Structure formats: C-alpha cells, structure tokens
2 protein chains.
Amino acid sequence: MTQTAPSILARRIQEAGLRLTAPRRVILQVLDSADDHPDVEELHRRAQAIEPGISIATVYRTMNALTEHGLIERQRFDDGRMRYEAVPEEHHDHFIDVETGEVVEFRSDEIERLQQDIARAHGFEIVSHRLDIFVRRKR
Amino acid sequence: MTQTAPSILARRIQEAGLRLTAPRRVILQVLDSADDHPDVEELHRRAQAIEPGISIATVYRTMNALTEHGLIERQRFDDGRMRYEAVPEEHHDHFIDVETGEVVEFRSDEIERLQQDIARAHGFEIVSHRLDIFVRRKR
DNA sequence: TCTTTAATGCGACTAATTCGCAGTTGAAAC
DNA sequence: GTTTCAACTGCGAATTAGTCGCATTAAAGA
Ligand SMILES: [Mn+2]
Ligand SMILES: [Mn+2]
Ligand SMILES: [Zn+2]
Ligand SMILES: [Zn+2]
C-alpha cells in the first residue's frame, strides 16, 4: 500500500507521549506541508481534503495538544482567530500586509537584544513576546 | 445641581460628529479617570457604579465608535478580550506580567527606529505595530 | 490478543462581541 | 421653546471562535 511519508512531527508527538492516531497523521501532514499561518478552519479544510470525516473539534484539540507540548507555535494577529505554524528553527516576528493579509517573517537580533535590555532594566525576565508590524507595500 | 466636570473626551466626541448622550457622558468619565487597560466588562462595571442601567451593548458600541474615530486605543493582549486606554501622548508598548496580569508601559526609540529600518528594507511602510512582552518579575 | 485509557465525532455549551428592532433623545433647525 | 429626525439606547437574539460531556473507538504497552 502506498502510504504517505511519516510526518516530521509524528516522531515528536509520540516522544511527547501523545498517540499517533489516524486523524492526527493527517493533521500533521497538513502542518508539515504548510508554509503559511493557517487558522483552525483552514487546517480543517486541508485535512478534510485528504481525509473527509475529521472533526473540527479534533483539529482544535490536536492543535492545543501540540501547542502545550511546544511542537507548534500559536499566533493571533488582528482578526480574532488563532493561527499556527511549525516551530521555527529560529524565532522570528511578523509583518502583516493590511491590504492583502500576507504575512512576511523577519528577525532582528538588535530588536531582540534591546527587548532583553529594557526588560532587565525594569526588573523583568522575558517569558515570550510578540512583535506584529502591520504594513502596506510602498510604491 | 453639582455636575461632574465635562470629560476631556466630551469635546472631541462632538468634534467627531458623535452625539454626547447620557450613557456616553458616563463612559467618557470612566475612561478619563482610568489609568489602566480595562476591558469592556470592566468599563461596564465602572459605568454601572456611576449610573446603573447602562447596557453593555452601549459600552461595546461606544468603544467601537471611539476607536473608529481615533479617540481611544484598543489592545488585545493574550486573553481573548479587547482592552482600551486613552490615546497616549506618545506611543508606547507593553510588558504584561504573566503571573499578575499587570501591564507596564515602555517606549524604546531604538526599537521604533529599527522597525522603520527593517520595514523600509522590505519595501513596506508601517501602518501600525504592536510589541507585547510577556514577563515575570526577576527575583 | 487483551487491556487500559487517550482520542474521536457529535452536538451542546460558553464567552466575547455584534445586530435587529422598537422606543428615546440630542441637537440642529425652526 | 418647540419641532424634527437620525443617531443612539436597551433588550434579547444571533454570531463567532473555541471548549466540553459523553458514548464509542482504537492506539499501544503488556
Ligand atoms: Mn511565522
Ligand atoms: Mn498602554
Ligand atoms: Zn521577536
Ligand atoms: Zn512600539
């Protein structure tokens, strides 16, 4: 039987003590082949395309489990919904094009370092942060 | 009759072509005397304390009107709800203490400038941005 | 193969916010 | 001061994103 290549996340989900179920296999495959920042509804749509019958509740629960175990990253831009992306090699922040909705990633070591400095000066240690820059294309 | 001093926002709301109604007077008074980042439920609670009978729908609608006219600033930290604050003299970003929920404001001209630089390098112009730093007190 | 218990699908529920509607009222025009 | 009328209000119903209870299924370790 031709079977889909095992997801990169599949290993990690089992290492985390989670079960690798059929719906999860599909969701992980969707996540592996995503290079954007889909929300649950979009993930569900993509999962359905591979294997109809997967419940949206399962997508929600799976994404929660993955997030809690640090296997995926969760973002909320400006519309209400949560968006997901693979845990990146290296932390990055986001430009969001207000006209198109397009998301562009960037990283500034300088900004990261300045945040550390400012937090320290306030007697805080950083747990996490989010820098969303809403932009439009210059012309 | 002793009447509350007219809200600073009262003038501006009329300049914006909005009506200065009784519920709005109360809400504006609440906003003027707030120095934190209350959500709608908290604003409603405070408004009710001054004048019972004000509907939460009115608070929602008023905050939307104020936001649309740029008379107030709207934030969403990490819980789902929207939070509001007076439009600040000068833009600032936020530390959010993950243990207490406390919000501390800060401003870094350097970070602001770097954002401009990076956006420009990507061919973007910045519409707005948000930098939320989730922290805990160092000890 | 057996057993245990996490995971699933479903539909009901919740929380935050919006909306339709009938009645009220600010404020501009008389 | 009175009239006028669209903006605003309170109410409850609707919407949206996400969670949860429950009976059933099925991973995966023994
Ligand atoms: Mn990203
Ligand atoms: Mn602030
Ligand atoms: Zn960053
Ligand atoms: Zn800033």
Side-chain angles (χ1 to χ4, degrees), chain A residues 3 6-7 9-31 37-45 47-48 50-69 71-72 74-84, chain B residues 3 6-7 9-30 37-45 47-48 50-69 71-72 74-84 101:
Chain A
Q3 206 185 279
S7 158
L9 282 167
R11 205 187 347 282
R12 308 210 50 211
I13 210 173
Q14 289 187 301
E15 284 166 13
L18 300 169
R19 285 187 187 171
L20 187 52
T21 65
R24 281 183 181 175
R25 257 178 235 279
V26 175
I27 295 167
L28 297 183
Q29 185 192 330
V30 167
L31 288 171
H37 300 75
D39 61 18
V40 166
E41 219 159 329
E42 178 60 25
L43 291 171
H44 183 232
R45 206 173 297 124
Q48 291 274 33
I50 298 169
E51 172 70 28
I54 292 173
S55 161
I56 195 157
T58 295
V59 182
Y60 273 113
R61 281 189 283 230
T62 298
M63 297 320 292
N64 285 345
L66 291 173
T67 304
E68 277 154 25
H69 288 266
L71 306 184
I72 208 87
R74 194 208 303 246
Q75 233 88 42
R76 197 205 307 260
F77 298 131
D78 236 17
D79 49 17
R81 17 208 201 320
M82 291 292 194
R83 294 165 174 283
Y84 298 87
Chain B
Q3 207 185 278
S7 159
L9 281 167
R11 205 188 346 283
R12 308 210 49 209
I13 211 173
Q14 289 187 300
E15 284 165 14
L18 300 170
R19 283 192 186 168
L20 187 52
T21 65
R24 282 182 180 173
R25 257 177 234 278
V26 174
I27 294 167
L28 296 183
Q29 186 191 329
V30 166
H37 300 76
D39 61 19
V40 166
E41 219 158 331
E42 177 60 25
L43 291 170
H44 184 231
R45 204 173 299 123
Q48 291 273 31
I50 297 169
E51 173 70 28
I54 293 173
S55 161
I56 195 157
T58 295
V59 182
Y60 273 111
R61 282 188 284 228
T62 298
M63 297 319 292
N64 285 345
L66 292 174
T67 304
E68 277 153 28
H69 289 267
L71 305 184
I72 208 87
R74 194 208 306 242
Q75 234 88 43
R76 198 204 307 260
F77 298 130
D78 235 16
D79 48 17
R81 20 210 199 322
M82 291 292 193
R83 294 166 172 282
Y84 298 87

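What you are looking at is a predicted structure, and each value in this text was computed from that prediction instead of being measured. Order of the sequence lines fixes the chain letters, A, B, ..., with proteins taken first and strands second; residue numbering starts at 1 for each chain.
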query: What parts of residues 51-58 of chain B reach DNA chain D, counting only heavy atoms under 4.0 Å away?
result: Gly53(B), Ile54(B), Ser55(B), Ala57(B), Thr58(B)
Only pairs under 3.5 Å count here: list side-chain donor-acceptor contacts from residues 58-66 of chain A, not counting sequence neighbours, and write none if there are none.
unit_1	atom_1	unit_2	atom_2	d
Thr62(A)	OG1	Thr58(A)	O	2.8

- request: Could you tell me the separation between the CG atom of Asp39(B) and the CZ atom of Arg76(B), rounded to the nearest 0.5 Å?
  value: 12.0 Å
- request: Specify the separation, in whole Å, of atom CZ of Arg76(B) and atom P of dA17(D).
  value: 11 Å
- prompt: Can you name the nearest heavy-atom pair linking Leu71(A) to Leu9(A), along with the distance?
  reply: O-CD2, 3.5 Å
Point-to-point distance, once rounded to the nearest 0.5 Å, from CD of Gln75(B) to OH of Tyr84(B): 10.5 Å
task: Using a heavy-atom cut-off of under 4.0 Å over every strand shown, decide if Arg81(B) touches base, sugar-phosphate, or nothing.
output: sugar-phosphate
message: Nearest whole Å is fine: how far is dT16(D) C1' from Met82(A) CE?
response: 14 Å
- request: Report yes if at least one side-chain N or O of Tyr60(A) is closer than 4.0 Å to OP1 or OP2 of dT19(D); otherwise report no.
  value: no
message: Check the phosphate of dA27(D) against Thr21(A), side-chain N and O only, distance under 4.0 Å to OP1 or OP2. Yes or no?
response: no
- prompt: Can you tell me how far CE of Met82(A) sits from CG of Asp79(A), rounded to the nearest 0.5 angstrom?
  reply: 11.0 Å
task: Working to the nearest 0.5 Å, report the span between CD1 of Ile27(A) and CZ of Arg25(A).
output: 12.5 Å
field: Between dA17(D) (C1') and Arg74(A) (CZ): distance, integer Å
entry: 12 Å
- line: On DNA chain C, more 5' by nearest nucleotide between Val59(A) and Leu20(B) is Val59(A)
message: Output the rounded distance in Å from CZ (Arg61(A)) to P (dC20(D)).
response: 10 Å
query: Can you tell me how far P of dT25(D) sits from CZ of Arg19(A), to the nearest Å?
result: 15 Å
statement: Rounded to the nearest 0.5 angstrom, the CG-CZ distance for Leu28(B) and Arg11(B) is 11.5 Å
message: Testing the basics here: between Val26(A) and Ala47(A), what is the closest heavy-atom pair and its distance to 0.1 Å?
response: CG1-O, 3.7 Å
- prompt: Looking at residues at least two apart in the chain, or sitting in another chain, which of them share a side chain to side chain donor-acceptor pair (under 3.5 Å) with His44(A)?
  reply: Gln48(A)
task: Heavy atoms of chain A, cut-off under 4.0 Å: which first and last nucleotide of DNA chain C, 5' to 3', fall inside that, if you could look?
output: dT5(C) to dC10(C)
message: Measure CD/Glu41(A) against C1'/dT19(D) and give the value in whole Å, please.
response: 15 Å
- prompt: Rounding to a whole Å, what distance do you find between Met63(B):CE and dC8(D):P?
  reply: 15 Å
Gap separating the CD atom of Glu42(B) from the CZ atom of Arg83(B), nearest 0.5 angstrom: 9.0 Å
message: What contact category does Asp39(B) fall into here, base, sugar-phosphate, or nothing, at under 4.0 angstrom with non-hydrogen atoms?
response: nothing
- line: When the rotation axes relating C1' atoms of four end pairs to the next four are compared across the helix from dT1(C)-dA30(D) to dC30(C)-dG1(D), five pairs an end, they differ to 10° by 40°
field: Rounded distance in Å - CG (Leu18(B)) to P (dA6(D))
entry: 17 Å
Run the side-chain donor-acceptor check on residues 13-24 of chain B: report pairs under 3.5 Å with partners two or more places apart or on a different chain.
unit_1	atom_1	unit_2	atom_2	d
Thr21(B)	OG1	Arg24(B)	N	3.3
Arg24(B)	NH1	Arg19(B)	O	2.9

